[in-house]
Amino acid sequence: MKKFKRYTVTSALPYANGPVHIGHLAGVYVPADIYCRYLRLKGEDVVFIGGSDEHGVPITLRARKEGVSPQDVVDRYHNLIKKSFEDFGISFDIYSRTSNKTHHETAQEFFLTLYNKGELIEKTEHQFYDEVENQFLADRYILGTCPKCGAEDAYGDQCEKCGSSLSPTELINPRSAISGSKPVLKQTKHWYLPLDKYEQELSHWILEEHKEWKPNVYGQCKSWLDSGLLPRAVTRDLDWGVPVPLKEAQNKVLYVWFDAPIGYISATKELTPDWEKYWKDPDTKLVHFIGKDNIVFHCIIFPSMLKHEGSYILPDNVPANEFLNLEGDKISTSRNWAVWLHEYLEEFPGKQDVLRYVLCANAPETKDNDFTWKDFQTRNNSELVAIYGNFVNRALVLTHKYFEGKVPEPKVITEYENSIKEEVRRIKLAIENNIENYRFREALREAMNISRLGNKYLADTEPWKIFKTDPERVATILYYSIQLCAITAVLTEPFLPFTSNKLFNILNIKKNIWEETEKFDLIPVNHTLNKPELLFEQIDDATIEKQIEKLLKTKESNQKQMKNIAPQKETINYEDFAKLDLRIGTILEAEKVPKADKLLKLTIDTGLDKRTVVSGIAEFFTPEQIIGQKVCILINLAPRKLRGIESQGMILMAKDNDGRLKFVTVNDTCDNGSEVS
RNA sequence: GGCGAGGUAGCUCAGUUGGUUAGAGCGCAUGAUUCAUAAUCAUGAGGUCGGCGGUUCAACCCCGCCUCUCGCUACCA
């Protein structure tokens, strides 16, 4: 394996339109922090980079909604996020932001280099333009009636009512979200990164040279590469972002995904004038910690940018984690289904390490995992308190009791002490090996083994029984126990830095470096120890129930909102209604449409004729169970091809309380063809 | 529908190139113990390794089919 001279470690930039939650922590920041703290203890040269991603349309929308500037929005969240990371002990060397000057300059320079090298391709296309405000409209800035469900306020990229993804030109009666005017299609020029051209070299680089990447990352990349890459636009018509540094690009900014990863570079620039060696020297190991939603950017797009800029190194690894769920449900910012870091820090003061421990021990390294408060409590009480805290407390209390808090001199060393030394060496190696291969769960499990070893040592040797008869033996036992405490403090520091600090204070020593732990002499004989205080405390049922209660309330208020009945749509004339030709019909045949999950091909007897209708109900009904079903059908809807089958009408459906579709139907005495009015 | 990742003890996870009785932590049961935050230590009970079939002297591990979960993608008039 290659030996690197230094490390550049980045963690995904959190988007500055909301606070950070446990999902972000477990997936990205806790593992990245463990990795960096470990490297520093090993004496490696490492920079740990973080920062807020502050551009993009969602931030401008939030700003507009709140009647403030985008800068106000990102200031608020940037400061909140930065503070909570600091308080949580995420040891960034710099936590920067993409709205600052250095970043704008760096991103523009990067773009210009690609542009001047002729790497970018230019394309002119039509896009909606607001003539009142004189600006192009991003997809999110266009509102209109959803062509699928009829909701009035669908966005140009998605309808939030029915969840369909849309393109702006599909919207019925599109209007500008800014001025409310009817937008017009207008030409605009944009620049693209020709990913299709890079496909071969990317395939080789990932699929051949990086077989060691995690299976989820490797597989996802393979999936993208196999299905073929398309050129990707790197510019947008917007006014919030990094301006495109070209004269012909007035009112255009770099696309947020293009500027955001460059933020890693700008942050390093701000950190040190010597930044280039961390990004351009092949002896530097570049590692990106991200969540699985970011794989394509960090494995395909950003490396393409770095490679074709020409002077940068590529990532050595991209250890992406899966997702963390909360009490069985997906974490969701919009549904407030999350444990927010800033709230945790307030509600559990001094317990940063408990959360760090739980999130690492249960990290979604190989598959999605679930965070539960019950598990949080159990891990605190029966692992941190009972194993780690308890061992340290026992060793210290005994030393104070028998030797006035001074480290006794070891006398005769037995086989037992030797086997302990050997086991510690094995554990240390196991931790190193696991961390270096991004297996933090396993590394933490091994780190806890030192305390397990200590507890067993004390139980086996029983110093409290033999002190009267053999104080010399007790001296040896406690010397070793105290050394174990010091070793634990060092080897668990990457995972539990606050606890290690506390323990160093109790032991009355300075923080040590990693390699010293093998010697078993971190604390000299006769050294005076401070009075023991508890490293961890029990968390009782009431505390846990309070948190669960809080989540239940969130759930209730979410359900209430779900039951909110959509407001009445605007008034129409009778003529508008009379245009609809609604009839009663009967389903004669039904079959699944091949290669489509949601579609059924139905043959309907409308009374007038027998016709084919394709309907998106396959998730809720099997073909057999709906044959003979009386339905209400809109028969004069313009026919449309779906999956190659022409659909001649639309079946009316309603959603029940659980979101399942139900037929709008009538009793049997209505014949097919009966008009609905 | 296509692609990707996963389905191993109650829970969270290990299982190296296929090789004898499938492992760990937590939980549980029993016993021991009291220096320690009812903490600790020992022992034990729990698994037809998602299902079916195949290759092999031998499969959790290789191949095929099926099924469930998560993600990307197509589709939902």
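The figures here come from the full heavy-atom set of this structure, side chains too, leaving out hydrogens, waters and symmetry mates. Naming: A, B, ... by sequence-line order, numbering from 1 per chain. Treat the numbers as computed from the prediction; the structure is a model and nothing was measured.
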J.: What heavy-atom pair brings A:P408 and A:T399 nearest, and what distance separates the two atoms?
T.: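 Closest approach of A:P408 to A:T399, heavy atoms only: CD-CG2, 4.2 Å.
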J.: State whether the number of non-hydrogen atoms from other residues, nucleotides or ligands found under 6.0 Å of A:E415 atom CD is greater than 12.
T.: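 Not buried by this count: 12 neighbours or fewer within 6.0 Å.
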J.: Can you tell me if A:Y15 has over 12 outside heavy atoms packed within less than 6.0 Å of its OH?
T.: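 Correct, the count exceeds 12.
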J.: Which whole-number value in Å describes the distance from A:D375 CG to B:rU12 P?
T.: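 Computing the A:D375:CG to B:rU12:P distance gives 9 Å.
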J.: I need the CG-C1' distance between A:D460 and B:rU33, as an integer number of Å.
T.: 12 Å
J.: Watson-Crick or G-U wobble partner for B:rG53, using a 3.5 Å limit on both distances?
T.: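 Across any shown strand, B:rG53 pairs with B:rC63.
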J.: Using Watson-Crick or G-U wobble geometry with both distances under 3.5 Å, which nucleotide pairs with B:rU34?
T.: none
J.: Check the phosphate of B:rC13 against A:R441, side-chain N and O only, distance under 4.0 Å to OP1 or OP2. Yes or no?
T.: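 Yes, such a contact exists.
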J.: Would you classify A:K222 as touching base, sugar-phosphate or nothing, given that sugar-phosphate means primed atoms plus P, OP1 and OP2, and contacts are heavy atoms under 4.0 Å?
T.: nothing
J.: In this structure, how many angstroms lie between the P atom of B:rG27 and the CG atom of A:N362, rounded?
T.: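 My rounded result for the distance is 15 Å.
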J.: Let me know the distance between CG of A:N380 and C1' of B:rC26, rounded to the nearest Å.
T.: 13 Å
J.: Just name whichever nucleotide pairs with B:rA5, Watson-Crick or G-U, keeping both distances under 3.5 Å, else none.
T.: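 Base-paired to B:rU69.
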J.: Please name the pair of heavy atoms, one in A:P463 and one in A:L398, separated by the smallest distance, quoted to 0.1 Å.
T.: CG-CD1, 4.1 Å
J.: Closer to the 5' end of RNA chain B via nearest nucleotide, is it A:K330 or A:N393?
T.: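 Result: A:N393.
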J.: B:rG71, OP1 or OP2 - any side-chain N/O from A:K367 closer than 4.0 Å?
T.: no
J.: For A:V385, answer base if it contacts any base atom (sugar-phosphate contacts may also be present), sugar-phosphate if it contacts only those atoms, and nothing otherwise; contact means non-hydrogen atoms under 4.0 Å.
T.: base
J.: Would you mind reading off the distance between A:I431 atom CD1 and B:rG25 atom P, rounded to a whole angstrom?
T.: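 In whole Å, B:rG25 P lies 16 Å from A:I431 CD1.
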J.: Figure out the CZ/C1' separation between A:R445 and B:rC13, and round it to whole Å.
T.: 5 Å
J.: Across all strands shown, which nucleotide pairs with B:rU17 by Watson-Crick or G-U wobble geometry, both distances under 3.5 Å?
T.: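 Its partner is none (no Watson-Crick or G-U wobble pair with both distances under 3.5 Å).
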J.: Do the side-chain N or O atoms of A:K374 get closer than 4.0 angstrom to the phosphate oxygens (OP1, OP2) of B:rG27?
T.: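 No, A:K374 has no side-chain N/O under 4.0 Å of OP1/OP2 on B:rG27.
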J.: Just how far, in rounded Å, is P of B:rA24 from CD1 of A:I427?
T.: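 Between P of B:rA24 and CD1 of A:I427: 16 Å.
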J.: Going by heavy atoms in the side chains, are A:L230 and A:L195 under 4.5 Å from each other?
T.: no
J.: So is A:K330 actually on top of A:F323's ring, under 6.0 Å and inside 45° of the axis?
T.: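 Not satisfied by the 6.0 Å and 45° rule.
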J.: CZ of A:F620 versus C1' of B:rC76: gap in Å, rounded?
T.: 10 Å
J.: Can you tell me how far C1' in B:rG47 sits from the matching atom in B:rC65, rounded to whole Å?
T.: 25 Å
J.: Does B:rA38 have its OP1 or OP2 closer than 4.0 Å to a side-chain nitrogen or oxygen of A:N381?
T.: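 Looking at the OP1 and OP2 atoms of B:rA38, neither is under 4.0 Å from any side-chain N or O of A:N381.
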J.: Who does B:rG25 pair with, Watson-Crick or G-U, both distances under 3.5 Å?
T.: B:rC11
J.: OP1 or OP2 of B:rA5 less than 4.0 angstrom from a side-chain nitrogen or oxygen of A:T366, does that happen here?
T.: no
